[in-house]
Amino acid sequence: MIIRTATKKDLSILLGFEQKIIETEIPMDPTLSTTTKINYYDLSEYIKADDTQVVVAEIDKEVVASGYGQIRDRKEYFKQSKMGYIGFMYVKDKHRGKGISQRIIENLSDWFITKGIEEVQLDVYDQNPRAISAYEKAGFEKYLVRMRLNLHK
């Protein structure tokens, strides 16, 4: 397995991964539309951007997983003015449980270090215990809970 920087040639595969992520998350998030096509990411721009690193995992020349790291500004009251953010984590079903997401996180963490980033965050649905477990295995810790109230039940 190799982890490499994504290129424009990977875009159609990555757009398919994005739709798989959305399909998984729609049942977890009642605020997502089920009547319009959703795109979370501007992947073609992310691939070109200096503040974003899109990576893929390849096994036998097949792209089987993805992720991105992005440098984001923070509010002035935080100790660091910038932080890292990880998203777009996807591993094809038949390759799950092989440590691929761990390798992607390590790759992105190394990239953040070269950019002088000290902290990395991510978002994960509470109803996704498998993902939470994988992130905790990589060293992430829960520190904030976002809650919602639907006023029109």
Distance from [X] atom [atom1] to [Y] atom [atom2], nearest 0.5 Å?
X: Asp110; Y: Ile105; atom1: CG; atom2: CD1; value: 12.0 Å
X: Ile47; Y: Lys9; atom1: CD1; atom2: NZ; value: 12.5 Å
X: Met28; Y: Ile26; atom1: CE; atom2: CD1; value: 11.0 Å
X: Trp111; Y: Ile3; atom1: CH2; atom2: CD1; value: 15.5 Å
X: Ile59; Y: Lys94; atom1: CD1; atom2: NZ; value: 9.0 Å
X: Phe112; Y: Gln70; atom1: CZ; atom2: CD; value: 8.0 Å

If you look at every heavy atom in [X] and [Y], which pair is closest and at what distance?
X: Gly67; Y: Ile104; answer: CA-CG2, 4.1 Å
X: Gly69; Y: Leu108; answer: N-CD2, 3.6 Å
X: Ile38; Y: Ser33; answer: CD1-O, 3.3 Å

Worksheet item: Side chain of Asp10, backbone of Thr7: donor and acceptor closer than 3.5 Å?
Response: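 Here the side-chain-to-backbone pair exists.
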Worksheet item: Just by distance, do the side chain of Asp29 and the backbone of Thr31 share a donor-acceptor pair under 3.5 Å?
Response: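 Here the side-chain-to-backbone pair exists.
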Go through the side-chain N and O atoms of [X] and [Y] and say whether any donor and acceptor fall under 3.5 Å apart.
X: Gln121; Y: Tyr143; value: yes
X: Asn39; Y: Glu18; value: yes
X: Lys92; Y: His95; value: no

Practice prompt. Check whether more than 12 heavy atoms from other residues, nucleotides or ligands sit under 6.0 Å from atom CG of Asn150, and answer yes or no.
Written response: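 Yes, CG of Asn150 has more than 12 neighbouring heavy atoms, counting only those of other groups under 6.0 Å.
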Discussion item. My understanding is that only residues two or more places apart in sequence, or in another chain, count here; which of them pass side-chain contact (heavy atoms from CB on, under 4.5 Å) with Ile2?
Written reply: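 side-chain contact (heavy atoms from CB on, under 4.5 Å) check on Ile2 returns Arg4, Glu58.
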Practice prompt. With the side chain counted from C-beta on, respond yes when Val91 and Val64 share a heavy-atom pair under 4.5 Å apart, and no when they do not.
Written response: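 No - every pair of side-chain heavy atoms lies 4.5 Å or more apart.
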Residues 81-90 side chain polar contacts: donor-acceptor under 3.5 Å, at least two apart:
{"residue": "Lys82", "atom": "NZ", "partner": "Asp73", "partner atom": "OD1", "Å": "2.4"}
{"residue": "Tyr85", "atom": "OH", "partner": "Asp123", "partner atom": "OD2", "Å": "2.8"}

Discussion item. Tell me whether Arg74 is salt-bridged to Glu119, with the criterion being a basic N under 4.0 Å from an acidic carboxylate O.
Written reply: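 A salt bridge links Arg74 with Glu119.
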